[in-house]
Structure formats: structure tokens, C-alpha cells
Amino acid sequence: MLERATRTIGIAALLLAAYFVLNVGLRLALPHSLELDEAEQSFFSQYLLAGYGPQPPFYNWMQYAVVSVTGMSIGALIVPKNILLFLCYLFYGLAGREALKDQALAAVGMLALITLPQVSYMAQQDLTHTTALLFASSLFLYGFFRTLDRPGVGSYLLLGLATGIGLISKYNFALMPVVALIAILPDAEWRRRALDWRMLIAIAVALVIVLPHAIWLQGNLAFASSDTLVKMAAGNEPAGIVRIGKGILAFVVAILAFAALPVAIFAAAFRRDFVLMLSSGNRWTGMMERMMLASLAGILLIVLFTGSTTVRERWLDPFLLVLPIYFLAKMKAAGLDLSAGLRRFRPVVPVLMACVLVALGFRVVGAGLIGSYSRPNVPMADLAREMTRQAEPALVIASDPYVAGNMRLQLPHVPVVIPDFPVAGIPAYTTASGPVLIVWRGKKTATAADAVMPERFSSALTAAGIAPQEIGALSLPYYFGRQGDNFALGYAWVRPGAR
């Protein structure tokens with residue numbers, strides 16, 4: 001059955017659609033406490049803004065649109081993400097069809113995307129903006145390869161659309177069109193694609209998509225780049241050859257971590273063919289090699305320029321995503337009979353799918369066995385229910401986006417704010433129409449000592465001349481946790497005008 005499924009992109013897409021339905025079902029079956037990125041989306045979905053902070057706004061805009069139509073729920077957070085991931089695989093298969101000129105190999109390439117852990121597991125586990133980046137990167141590869149092979153207005157429109165979406169998905173995508181241009185420069189025919197008048201259409205489409213955020217970014221560049229700079233910071237490591245060496249080592253380790261599994265799987269499946277392909281190639285494989293090398297060189301220069309000693313594998317997502325297509329293109333260019341290798345490769349796909357589903361479920365259900373808890377183990381629903389047992393608040397003020405997003409999910413009709421995310425028109429302490437619930441992360445035990453309001457809340461109340469009516473703390477056991485392993489929140493009730 002799987003052999004037939006890989007013969008065409010359409011049937012392979014149905015297999016993937018079923019896989020993502022299972023992912024949605026699994027997440028709905030697990031506790032509805034949110035992962036970090038899910039919580040941020042839950043919180044930010046209250047607002048439609050040109051910029052939200054260190055990450056570009058494409059995913060936030062999509063999430064806002066979905067929640068505006070469906071209302072807030074776990075499904076409103078999970079289903080759009082899985083649709084984006086499905087489209088990532090689909091457009092990747094279409095990109096493979098352009099480069100490989102073979103429906104069966106294109107379908108295999110689409111399914112082979114699951115060999116990349118950053119795509120198959122990490123994106124499902126938590127990542128949202130990276131999911132948007134993966135979708136945009138696959139769409140870009142399809143638009144780019146189609147423009148090279150079948151230039152037309154539609155191809156250039158697609159290229160512009162993908163570029164615009166990519167630029168407002170993750171900032172590192174900005175390198176993608178640059179390395180694509182570098183990759184086609186040695187080919188005279190492809191070089192003319194970049195000079196075609198229709199390229200102006202692609203540029204115009206990308207600019208229209210990017211413009212609202214670009215205007216915001218102009219006045220908020222330091223804010224938008226702060227998180228990335230912190231992650232790349234070298235800490236107390238002194239400048240010099242040691243820091244450079246650590247940066248290069250981190251860069252190499254990130255490449256190996258990203259590529260090790262697909263290389264191992266392709267090598268095990270295709271064996272001698274995988275070795276023979278190394279000396280073969282054509283204009284398509286050469287172009288993909290130049291894309292990957294140029295992008296890796298660009299990232300290395302950034303690492304060296306910033307003095308970074310940290311390189312995360314997901315920073316390589318848009319640049320090494322092409323690996324499965326590249327491997328198949330190399331083997332096809334070698335003129336090899338791939339039938340034996342494909343027979344060995346096909347069973348790997350459902351095995352990896354099952355491994356991802358089992359791992360995603362076990363990290364939550366088996367948390368008590370291993371003593372390591374993920375965020376879905378946090379008893380947010382129970383905590384929210386206990387805090388609001390006597391009354392529903394008119395406003396929730398949370399300590400951070402994680403707490404805010406979870407409270408928003410549990411109380412979908414109540415506005416939620418955090419102190420460092422001021423938005424005009426959102427009610428404050430003194431203007432709320434009813435009782436205000438303030439929530440912050442607490443200690444693991446719920447004693448009187450835990451019921452101490454953080455200074456930034458207490459000082460704000462003091463400045464407003466408001467006295468809290470009740471201060472408390474709740475500590476409840478983790479879902480699927482061991483006895484004595486608890487998660488706690490502190491809370492306070494405030495009524496406007498109470499002094």
C-alpha cells in the first residue's frame with residue numbers, strides 16, 4: 001500500500017493528511033495546558049498589530065484571523081499549525097517535482113521530509129514561528145524551482161508571495177532569496193530569470209506583504225532584535241580565538257545535528273547507490289549545492305561577526321531543507337536503478353511517523369516515570385478553575401505570556417494583559433468593569449509564605465491607591481506526575497476603587 005502511495009504526490013499527500021489528523025487528535029487527547037509558543041499565540045491572538053516583539057508577525061496574524069472566526073480553543077491553536085505543516089510537505093513535493101521531473105521521486109522526497117527532526121518532531125512539539133518558516137521555505141523552493149523551469153507570471157507571483165511570507169515569518173529567511181540568486185548566477189539561462197521584467201511583479205508582491213511590518217520594524221529594531229542577540233550572545237566568553245573556535249564548533253555541531261538523521265537513513269536505504277551519487281550531478285544539483293554552501297557561509301560569517309558561541313539547528317531550517325530533494329536528484333543524475341533503495345526506504349516513513357506520535361505522547365503521559373515534565377503536564381485548567389471558583393474576573397493581569405496564554409485559553413471571554421505589553425484600549429487596574437485577577441508563577445508548595453505578590457504588581461497597586469482584597473497561592477500536582485511533584489501559581493483579587 002505504501003509503495004502505491006509514493007507513486008504520485010496526490011496519494012502521498014493523503015497519507016500525510018491522515019498523519020496530521022492523528023497529530024491533531026493526539027494533541028486534543030492530551031491535557032490542554034499550552035506549550036510556550038502555543039501560550040504566546042493564545043495571548044497575542046487578542047490583538048492585531050504590525051509587530052509583536054522579537055518574532056515577525058505572520059503566524060500571529062494567521063492565529064488572530066483563526067481565533068476571530070472560531071473563538072479561542074485548543075483546536076484553534078493546533079489545527080492551523082498542522083495545516084501549515086501539511087502545506088510545507090505538499091509544496092516541498094511540488095518543488096521536488098520541478099527539480100526531479102519524476103512524480104514517484106517527488107512523492108518520495110515529500111515523504112522524506114519527515115527524516116528531518118526539526119520538521120517532523122520539533123515543529124510538532126512546540127514551535128510556531130519556525131513552523132511558518134518551514135511552510136514559507138517550501139513554498140519558496142516551489143516558486144523558485146518553478147520559475148527556473150517554467151517561467152511565467154504565475155511563477156513570479158508565487159515567488160513573490162513566498163518571499164513576502166518568509167520575510168514576516170522569521171528574520172533569517174532574508175538570506176534565502178540572496179543565496180537563491182547567488183546559486184543561479186553561473187547558469188546563463190537561469191541568470192536571465194533574475195533579469196526578467198516579471199521579477200518586478202515578484203518584488204512588488206513581496207513588498208506589499210512586508211510593508212506593514214517593515215514600517216513598524218523601522219521604529220522598533222532594537223526591540224525586535226533583542227531576543228536573537230541574547231540567544232547568540234557569547235556571555236562572559238572573552239573575545240579572541242577561543243570564542244571564535246567555540247562559535248565555529250557550535251556551527252559545525254548544528255549542521256551535523258540537522259543533517260545526521262537524513263544522511264544516515266538515506267545511506268542505510270540506498271547503500272552503494274548513496275556512495276556512487278557523490279560523484280554525479282547536473283545543473284539542478286549544482287544549483288542546490290551553491291544554495292546550501294552560500295547560506296552556510298552566510299551563517300558562519302554572522303557567527304564570526306557577532307562573536308556568537310551558540311548556533312541552533314532550527315536556524316538552518318530554510319537552508320538545509322532541500323537535502324532530501326538534493327539526495328534524490330544526485331542519485332537520479334547518476335543514472336542508478338533506485339528500485340531496491342526505494343523499497344528499503346518506504347517502510348521507514350510510517351516507522352518515523354509512529355515514532356513521532358509515540359514520542360509526543362510519551363513525553364506527557366510518561367512524564368511521571370522519567371521525572372521530567374513538559375508544559376502540557378502543568379495543571380492549568382485545574383488552577384484556573386480553583387482561582388475563579390467564587391467569581392469570574394473582568395480582567396486578568398498575568399506575569400508573563402506563558403501564564404497569560406493559558407489563562408486566556410481557560411477564560412476565553414476575559415481580556416488578558418501582561419505588564420510589559422501595553423496596548424491602547426485594554427482596561428487597567430482602575431478602569432476594569434469588575435474584579436481583576438492578578439496571576440503569577442509561584443513556588444511548588446502553597447503555604448502562606450508563597451502568597452506574596454511580586455513587587456511590580458504591588459508597587460503598581462500602591463501607586464494607583466488600590467488595596468488587594470485577597471492574596472493567595474495554589475499548588476496542584478502535575479498531570480501524569482509523581483506524588484509530591486506540583487506546579488504553583490500565586491494570585492490576587494483586586495476590585496477597582498477598593499482602597
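Heavy-atom basis, side chains included; hydrogens, waters and symmetry copies ignored.
- Within the 4.5 Å cutoff, the side chain of Val322 has no heavy atoms near those of the Met291 side chain.
- Here the side chain of Asn406 pairs no donor or acceptor atom with the backbone of Met380 at under 3.5 angstrom.
- Residue pairs satisfying the ring-ring contact (aromatic ring centres under 6.0 Å, His included) criterion with at least one member in residues 384-417, sequence neighbours excluded, are absent.
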**Request:** Give the C-alpha distance, both sets of side-chain angles, the deciding distance and a yes or no for side chain to side chain contact (heavy atoms under 4.5 Å, CB included) between Thr128 and Gln63.
**Result:** CA-CA 10 Å; Thr128 53; Gln63 192 67 73; over 6 Å; no
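- Rounded to the nearest 0.5 Å, atoms CD1 (Ile83) and SG (Cys88) are 14.0 Å apart.
- Gln41 contributes no side-chain N or O that, together with a main-chain N or O of Leu36, makes up a donor-acceptor pair within less than 3.5 Å.
- Considering only heavy atoms from C-beta on, Phe480 comes within 4.5 Å of Pro31 through its side chain.
- Here Phe251 pairs with nothing under the ring-ring contact (aromatic ring centres under 6.0 Å, His included) rule; sequence neighbours left out.
- Across all their heavy atoms, Pro347 and Val351 have their closest contact at O-CG2, 3.2 Å.
- Contact detail for Ala106 and Ile9: the closest heavy-atom pair is CB-CD1, 3.8 Å.
- Annotation: the span from Leu296 atom CG to Ile255 atom CD1 amounts to 4.5 Å, rounded to 0.5 Å.
- Applying the side-chain hydrogen bond (donor to acceptor under 3.5 Å, both in side chains) rule to pairs touching residues 357-368 yields Glu35-Arg363, sequence neighbours excluded.
- Side-chain atoms of Val119 and Leu321, non-hydrogen and from C-beta on, do get closer than 4.5 Å to each other.
- Remark: aromatic rings of Tyr19 and Phe86 are distant, center separation not under 6.0 Å.
- Taking the six-membered ring where the residue is Trp, Phe144 and Phe140 present parallel rings, their angle staying beneath 30° rather than reaching 60°.
- With hydrogens and angles ignored, the 3.5 Å screen pairs a side-chain donor or acceptor of Ser42 with a backbone N or O of Gly405.
- With sequence neighbours left out, Tyr373 forms a ring-ring contact (aromatic ring centres under 6.0 Å, His included) with Tyr478.
- You'll find the side chain of Ser45 reaches within 4.5 Å of the side chain of Met72, heavy atoms only.
- Side-chain contact check for Tyr64 and Gln46: no donor-acceptor pair (N or O, by modelled atom type) lies under 3.5 Å.
- Applying the side chain to side chain contact (heavy atoms under 4.5 Å, CB included) test between Ile248 and each of Val303, Val311, Leu300 identifies Leu300 as the sole match.
- Contact record, Val364 with Pro376: CG2-CB, 4.0 Å, taken as the closest heavy-atom pair.
- Evaluation of the side chain to side chain contact (heavy atoms under 4.5 Å, CB included) rule for Leu369 yields Phe362 as partners, not counting sequence neighbours.
- No donor-acceptor distance shorter than 3.5 angstrom exists from the side chain of Tyr92 to the backbone of Leu139, with no hydrogens or angles considered.
- In this structure, Asp400 and Ile418 have side chains that are not in contact, with every pair of non-hydrogen atoms separated by 4.5 Å or more.
- Between the side chain of Ser475 and the backbone N or O of Ala488 there is no donor-acceptor pair closer than 3.5 Å.
- Within the 4.5 Å cutoff, no side-chain heavy atoms of Leu116 are placed close to those of Leu261.
- When only modelled atom types and interatomic distance are considered, Asn60 and Gln55 share no side-chain donor-acceptor pair under 3.5 Å.
- Checking side-chain atoms of Tyr52 against main-chain N and O of Leu49 turns up a donor-acceptor pair under 3.5 Å.
- Screening residues 69-79 for side-chain hydrogen bond (donor to acceptor under 3.5 Å, both in side chains), with sequence neighbours left out, gives no hits.
- What you find for Phe319 and Ser295 is that their closest heavy atoms are CB-OG, 3.2 Å.
- Under the salt bridge (charged side-chain N to carboxylate O under 4.0 Å, His left out) criterion, the residue pairs touching residues 36-47 are Arg27-Glu38, with sequence neighbours excluded.
- Residues that satisfy the side chain to side chain contact (heavy atoms under 4.5 Å, CB included) test with Leu249, not counting sequence neighbours, are Val253.
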**side chain to side chain contact (heavy atoms under 4.5 Å, CB included) between Lys246 and Arg243, worked out** = CA-CA 5 Å; Lys246 287 187 175 181; Arg243 187 163 74 179; 5.7 Å; no
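- The side chain to side chain contact (heavy atoms under 4.5 Å, CB included) search around Val178 returns Ile182, not counting sequence neighbours.
- Between Asp317 and Phe258 the shortest side-chain heavy-atom distance falls below 4.5 Å.
- To the nearest 0.5 angstrom, Leu77 atom CG is 11.5 Å from Asn82 atom CG.
- One distance of note links CZ of Arg314 with CG of Leu134; it measures 11.0 Å at 0.5 Å rounding.
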**Item:** Check against side chain to side chain contact (heavy atoms under 4.5 Å, CB included), Tyr59 and Leu84
**Value:** CA-CA 10 Å; Tyr59 201 100; Leu84 272 191; 3.8 Å; yes
**Asked** Checking side chain to side chain contact (heavy atoms under 4.5 Å, CB included) for the pair Leu352/Ile265: CA distance, chi angles, key distance, verdict?
**Response** CA-CA 11 Å; Leu352 287 178; Ile265 289 175; 3.8 Å; yes
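- In this structure, CD1 in Ile438 is found 5.0 Å from CD1 in Ile397, a value given to the nearest 0.5 Å.
- The two residues Leu158 and Gly143 come nearest to each other via the heavy atoms CD2-CA, 3.8 Å.
- Sorted by first and then second residue, the salt bridge (charged side-chain N to carboxylate O under 4.0 Å, His left out) pairs involving residues 73-85 (not counting sequence neighbours) form an empty list.
- Contact check on Asp485 versus Arg482 returns a salt bridge, with a Lys/Arg side-chain nitrogen under 4.0 Å from an Asp/Glu carboxylate oxygen.
- A donor-acceptor pair under 3.5 Å is formed between the side chain of Arg456 and the backbone N or O of Ser399.
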**Prompt:** Please walk me through it: do Gln469 and Arg495 pass side-chain hydrogen bond (donor to acceptor under 3.5 Å, both in side chains)?
**Reply:** CA-CA 7 Å; Gln469 290 189 318; Arg495 289 188 180 273; 3.1 Å; yes
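- Contact record, Glu455 with Ser458: O-OG, 3.1 Å, taken as the closest heavy-atom pair.
- Every residue meeting the side chain to side chain contact (heavy atoms under 4.5 Å, CB included) condition with Ala112, not counting sequence neighbours, appears here in chain and number order: Phe266, Pro324, Phe345.
- With contacts defined as side-chain heavy-atom distances shorter than 4.5 Å, the pair Phe487/Pro379 qualifies.
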Would you mind writing out the side-chain donor-acceptor pairs for residues 206-218 within the sub-3.5 Å range, not counting sequence neighbours?
unit_1 : atom_1 : unit_2 : atom_2 : d
His213 : ND1    : Ala50  : O      : 2.8
His213 : NE2    : Tyr171 : OH     : 2.7

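- In this structure, Met292 CE and Tyr326 OH are separated by 5.5 Å, a value rounded to the nearest 0.5 Å.
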